[in-house]
Each structure stands twice: as C-alpha cells, then as structure tokens.
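Worksheet for the structure shown next.
All values below were derived from every heavy atom in this structure, side-chain atoms included, with hydrogens, water molecules and symmetry-related copies excluded.
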Amino acid sequence: MKTFALAALAAVAFAAPAFAADPVIGTWKTQVDDGHYAYVDIAPCGAQICGTIAKAFDANGPVKSDNIGKPIVWDMMAQGGGGYGKGKIWQPSTGKVFSSKMALNGDTLKVAGCVGPICKKQTWTRVK
C-alpha cells in the first residue's frame, strides 16, 4: 500500500509540470460574434483544459458584460500534435453549448463547436 501511494504521488508530481507547460495555456482573442469578441483565459482544470471569459469587447473597446468570469470551454482533452477534443464550448450570443475540438498551430487556435458532423469554426489568436 505504501509503495502504491508513493508511486501515485510521484506520477502526479511528474505529470503536473508537463501539463502546466501545455502550449495552449494562455489568453486568446476570439473572433467577432454578434458584434462582440472576448479574451479567453485557457488553463488546466483538473486533467482537462478549460477556458473562461476574461474580458469582453465591442467595436469601441472594452465593455461590461455579465459573461466575464463564465466558462466558455471545458472538458477539453489534449490529443497530441496540437489537437484537443472531447470538450464543450458555449456560444454566448445564442446561449447554446456544443461539442468542441481545437487545433493549435503556434499563436493560432482553431476552435470548432459541432452538432454531429456540422461545425461552426473560429480562429482565435494568442494575446501577448
């Protein structure tokens, strides 16, 4: 039992730094949807990756929004090669939740919300 506990602790200790270094972690600017866009903070949430709305904007700049602090992406799983899947995404303009997948390529994140084989896509850019 003692050996099992030590092995489990070691696995968590070695996995945490690798997960924290996931290249998708950071702040991302969404595309405009219904006249607004957002900054989304993507971070680990347990074994998955989640995103929370950090700031909201319209064409004139920052706006106050009830959506700030709300989750927009959750349960996303790294699948290797810059791919992420098995997650959910919320579209604030419609209030609908979709199955989601993402593909990371440098400072570009292609995000898709899908119903069956039909997906609505956006390209998010990293905020520096």
Side-chain angles (χ1 to χ4, degrees):
M1 184 68 169
K2 190 177 193 181
T3 304
F4 176 76
L6 288 174
L9 181 61
V12 169
F14 288 114
F19 189 74
D22 192 304
V24 77
I25 303 304
T27 303
W28 296 87
K29 178 184 174 188
T30 69
Q31 280 184 248
V32 174
D33 182 25
D34 198 28
H36 293 87
Y37 65 95
Y39 282 3
V40 175
D41 287 337
I42 294 186
C45 57
Q48 290 89 19
I49 293 178
C50 299
T52 304
I53 298 172
K55 295 181 181 178
F57 302 85
D58 66 13
N60 297 316
V63 295
K64 291 183 179 183
S65 171
D66 292 337
N67 294 330
I68 294 173
K70 290 186 178 179
I72 190 167
V73 174
W74 60 92
D75 294 341
M76 199 63 70
M77 302 283 293
Q79 297 182 322
Y84 299 83
K86 300 185 180 180
K88 299 287 184 192
I89 191 165
W90 172 58
Q91 184 179 23
S93 63
T94 64
K96 294 183 179 178
V97 175
F98 301 95
S99 295
S100 184
K101 58 187 175 183
M102 304 186 306
L104 177 66
N105 185 3
D107 289 337
T108 302
L109 184 63
K110 297 203 179 274
V111 180
C114 307
V115 175
I118 301 170
C119 299
K120 181 177 180 181
K121 299 176 184 177
Q122 278 198 349
T123 300
W124 296 1
T125 55
R126 189 180 300 275
V127 175
K128 296 194 179 200

Inset, instruction - Evaluate the side-chain contact (heavy atoms from CB on, under 4.5 Å) criterion for residues Asn105 and Lys110: first the C-alpha distance (whole Å), next the side-chain angles of each, then the deciding distance (0.1 Å), finally the verdict. - result: CA-CA 8 Å; Asn105 185 3; Lys110 297 203 179 274; over 6 Å; no
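- Applying the ring pair (Phe, Tyr, Trp, His ring centres under 6.0 Å) test to residues at least two apart or on different chains, none of the pairs has a partner in residues 94-128.
- In this model, no donor atom of one side chain and acceptor atom of the other lie less than 3.5 Å apart for Gln122 and Asp33.
- Within the structure, the side chain to side chain donor-acceptor pair (under 3.5 Å) test picks out the following pairs touching residues 73-90 (sequence neighbours left out): Asp22-Tyr84.
- Evaluation of the ring pair (Phe, Tyr, Trp, His ring centres under 6.0 Å) test over residues 36-64, restricted to residues two or more places apart or in two chains, returns Tyr37-Phe57, Tyr39-Phe57.
- Side-chain atoms of Ser100 come within 3.5 Å of backbone N or O of Ala112 as a donor-acceptor pair.
- For residues 57-128, every residue pair satisfying the disulfide bond (SG atoms under 2.5 Å apart) rule, not counting sequence neighbours, is listed here: Cys114-Cys119.
- In this structure, Leu104 and Arg126 have side chains that are in contact, with non-hydrogen atoms separated by less than 4.5 Å.
- Applying the 4.5 Å side-chain rule to ILVMFWY residues, one finds that Ile118 remains a lone member of its cluster.
- Here the CD-CD1 distance, from Gln91 to Ile72, works out to 8.5 Å after rounding to the nearest 0.5 Å.
- Within the 4.5 Å cutoff, the side chain of Val115 has no heavy atoms near those of the Lys96 side chain.
- Put simply, CD1 on Ile25 and CG on Asp41 are 10.5 Å apart, with the number rounded to the nearest 0.5 Å.
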Legend entry - Derivation and outcome, side-chain contact (heavy atoms from CB on, under 4.5 Å), residues Val73 and Ile42: CA-CA 8 Å; Val73 174; Ile42 294 186; 5.6 Å; no
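- Evaluation of the side-chain contact (heavy atoms from CB on, under 4.5 Å) rule for Thr125 yields Lys29 as partners, not counting sequence neighbours.
- Ile89 and Val97 fall within a single hydrophobic cluster, where Ile, Leu, Val, Met, Phe, Trp and Tyr side chains are chained together by heavy-atom contacts under 4.5 Å.
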